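Structure first, commentary second.
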Amino acid sequence: VKTAKRNWKTHINCAKMKGTNKWERYPANMKDFAAIDFETAHSEPTSVCSVGVVIVRDGVVADTFYSLIKPVPEYYDFWCSQVHGLTESDTRRAPVFPEVWAEIAPRLEGLTLVAHNKAFDENCLKAVFRCYGMDYPDYPFCCTLVKSRRVWPTGRHNLDVIAERCGYNLSRHHHALADAEACAAIAIKLFGDGDEPYDMEAADIVYARMRQLGSPIKAADLAQLMGEERKTIDAALRRLKAEGRVASPKRGYYGSPDK
């Protein structure tokens, strides 16, 4: 984990996470990571009953893992079963969490974990580690839900909705591996670099904000407003300028949209 933290190039998000005093940290260019998803038998976070893991290296899926898990306490809530389709009969002979994690842990070495709504999955992971008296390795965690809200401030941000926006068809929603695969596809789009849909969305958001705020506008102020790095704002504005939608920058300011 120490190696992972040394290799993890991050930048600080300009906006605090809602409901917490922590600053969300994002890799500047993440090509290697592990997407993870848990399903639970009921409301207790220790009741993980299945897990899906997708290993991504150099921006490409390199490995996948799926397993059922015997939940703790061992019972199923009707509504949870309605969501993921699992029941007590499915996990009666399933391995306990420490056995499953012994297979997963080596795959995660040196990688950042990614989840869609990491607050849920990270909480489950920490809870089940405590339940079995296991030492938690303090895995670095990123959240595609938080990131997607920054990229698309309006609309729904459910996993299936954001996956579709990123060009991925999630056909088995709430199956742990299928959800982890969708999360990985989203992370590849939103945390990678290159000519991604994310860049165009950022440009559209900049354009809308510029129309609302008027001019002149400092690029640094826009960066703070949108919770993005200055270089991201500059890249988006360059795209808008190429489309003839903003004036050229002068002394760090950008003029009003041309149309």
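Quick caveat: nothing in here was measured; it's all calculated off a predicted structure. Note that the numbering runs from 1 along the sequence shown for the chain.
Under a hydrophobic-cluster definition in which Ile, Leu, Val, Met, Phe, Trp and Tyr are linked whenever side-chain heavy atoms come within less than 4.5 Å, directly or via other members, Val96 and Val51 are assigned to the same cluster. Placement of Val151 and Leu145 in two distinct hydrophobic clusters is found when ILVMFWY residues are connected by side-chain heavy-atom separations under 4.5 Å, directly or transitively. There is a path of hydrophobic side-chain contacts, each under 4.5 Å, that joins Val48 to Met134. Under a hydrophobic clustering in which Ile, Leu, Val, Met, Phe, Trp and Tyr are joined whenever their side-chain heavy atoms come within less than 4.5 Å, directly or via other members, Phe38 and Tyr132 fall into the same cluster. Clustering ILVMFWY residues whenever any of their side-chain heavy atoms sit less than 4.5 angstrom apart, transitively, puts Tyr75 in a cluster other than the one holding Ile69.
Across Ala119 and Asn123, no two heavy atoms sit closer than the pair O-CB, 3.0 Å.
Contact annotation: the side chain of Cys142 approaches that of Phe191 to within less than 4.5 Å [non-hydrogen atoms, C-beta and beyond]. Phe141 is listed as a side-chain neighbour of Leu125, based on a closest heavy-atom distance under 4.5 Å.
Remark: the His116 side chain and the Asp37 side chain contain no N/O donor-acceptor pair separated by less than 3.5 Å. A donor and an acceptor atom, one from each side chain of Tyr76 and Thr91, are located under 3.5 Å apart.
Under the ring pair (Phe, Tyr, Trp, His ring centres under 6.0 Å) criterion, Phe129 pairs with Phe97, Trp101, Tyr136, sequence neighbours left out.
Checked options Val54, Ile55, Leu177, Val100; the residue passing with Phe65 is Val100 (criterion: side-chain contact (heavy atoms from CB on, under 4.5 Å)).
One N or O on the side chain of Asp77 and one on the backbone of Cys80 form a donor-acceptor pair closer than 3.5 Å. His157 places a side-chain N or O within donor-acceptor distance of the main-chain N or O of Trp152, the cut-off being under 3.5 Å.
For Glu164, the CD atom sits in a loose shell: 12 or fewer heavy atoms of surrounding residues, nucleotides or ligands are nearer than 6.0 Å.
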